[in-house]
K.L.:
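My questions will all concern the structure given below.
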Amino acid sequence: MKVGVLALQGDVREHMRSIEGAGATAVTVKRADQLAGVDALIMPGGESTTIGKLLDRFDLLEPLTTRVENGMPVYGTCAGLILLAREVVGDEDAPFRVPVLDVSVRRNAYGRQVDSFETDLEVSGFEETLHAVFIRAPSIESAGDEVEVLAEYDGAPVMVRQSNILASSFHPEMTDDERIHELFVSMAN
Ligand code: GLN
């Protein structure tokens, strides 16, 4: 099982460590030929505008959309969630996206860098709560019928799944709890 981590910008190394901890092989993906060689892909946190522009510049938008539409598991955290969202609302857009996930998101909805926070979440299917780190996180303002909400914070979804697409507004790769990466690896198996 080879899991790619999109390595254009953002917290790539942390995801590679978590994927290896979850028992799969992690490789970086920067080009279309590398994308073709992975079984699943993580889109890390970072700056969604920057990552989107690089996806466009490296001609990855179309092959990535096609692969996800054909069933490749993808997991987006934070900026990765924004890049997978069908719609971005509010003042800050992220124009280059892979809009496969039927949610509407708002960037930086939980505040600026100083407003980053940590909390314990109930996650559907997990026996114990999960310590979640939010860093300038997007909010999920609405989700379509196909979208299953796996965790909520303050009454709004913060982790969702739509068949082969998993996304969270927080950063599980920032802790050594590997349960979400294990869930993702199991989706790819
Ligand atoms: N604020 C960033 C954005 O809007 C996301 C932050 C993150 O990925 N931690 O793109």
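We count ligands from 1, going down the list as the structure has it; atoms in each ligand are counted the same way.
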K.L.:
Using a heavy-atom cut-off of under 4.0 Å, does the side chain or the backbone of R107 touch ligand 1, or both, or neither?
P.N.:
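It is the side chain that touches ligand 1; the backbone stays farther off.
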
K.L.:
Picking from D177, T175, D120, what satisfies side chain to side chain donor-acceptor pair (under 3.5 Å) with H131?
P.N.:
D120

K.L.:
Pairing donors with acceptors under 3.5 angstrom, does anything connect the side chains of H181 and E173?
P.N.:
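The criterion, which ignores hydrogens and geometry beyond distance, is not satisfied for E173 and H181.
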
K.L.:
Counting only nitrogen or oxygen atoms and a 3.5 angstrom limit, does T49 reach ligand 1?
P.N.:
no

K.L.:
When you check the gap from the basic side-chain N to the acidic O, do R97 and E87 get nearer than 4.0 Å?
P.N.:
no

K.L.:
Would you check the N or O atoms of T77, main chain and side chain alike, for any that come under 3.5 Å of an N or O of ligand 1?
P.N.:
no

K.L.:
To check you understand the geometry: which heavy-atom pair defines the closest contact between V149 and P157, and what is its length?
P.N.:
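The pair with the smallest heavy-atom distance is CG1-CB, 3.8 Å.
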
K.L.:
List the closest protein heavy-atom neighbour of atom 2 (C) of ligand 1: residue, atom name, distance to the nearest 0.1 Å.
P.N.:
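Heavy-atom neighbour on the protein nearest atom 2 (C) of ligand 1: G46 O, 3.5 Å.
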
K.L.:
Any carboxylate oxygen within less than 4.0 angstrom of a Lys/Arg side-chain nitrogen, looking at E47 and R136?
P.N.:
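Yes, E47 and R136 are salt-bridged.
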
K.L.:
Can you list the ligand 1 atoms lying under 4.0 Å from a non-hydrogen atom of S48?
P.N.:
3 (C), 4 (O), 10 (O)

K.L.:
Grab the two heavy atoms, one from Q162 and one from V100, that are nearest each other, plus how far apart they are.
P.N.:
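Result for this residue pair: NE2-O, 3.2 Å.
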
K.L.:
Check for me whether P138 has a heavy atom closer than 4.0 Å to any atom of ligand 1.
P.N.:
no

K.L.:
What is the closest protein heavy atom to atom 1 (N) of ligand 1, and at what distance does it sit?
P.N.:
N108 OD1, 2.7 Å

K.L.:
For ligand 1, is there an N or O atom under 3.5 Å from any N or O atom of G45?
P.N.:
no

K.L.:
For ligand 1, which is the ligand I care about here, please tell me if I82 has any N or O atom under 3.5 Å from one of the ligand's N or O atoms.
P.N.:
no

K.L.:
Would C78 count as being in polar contact with ligand 1, using the rule that some N or O on each side must be under 3.5 angstrom apart?
P.N.:
no

K.L.:
Using a 3.5 Å distance criterion without hydrogens, assess whether the side chain of E20 forms a donor-acceptor pair with backbone atoms of A26.
P.N.:
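Confirmed, E20 side chain pairs with A26 backbone.
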
K.L.:
Show me which atoms of ligand 1 lie under 4.0 Å from any heavy atom of E47.
P.N.:
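In order of numbering, the contacting atoms are 2 (C), 3 (C), 10 (O).
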
K.L.:
Quick check: Y153 with F170 (ring centres under 6.0 Å apart)?
P.N.:
no

K.L.:
State if E92 counts as touching ligand 1 under the rule of any non-hydrogen atom under 4.0 Å.
P.N.:
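Checking ligand 1 against E92, which is what was asked, there is no heavy-atom contact under 4.0 Å.
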
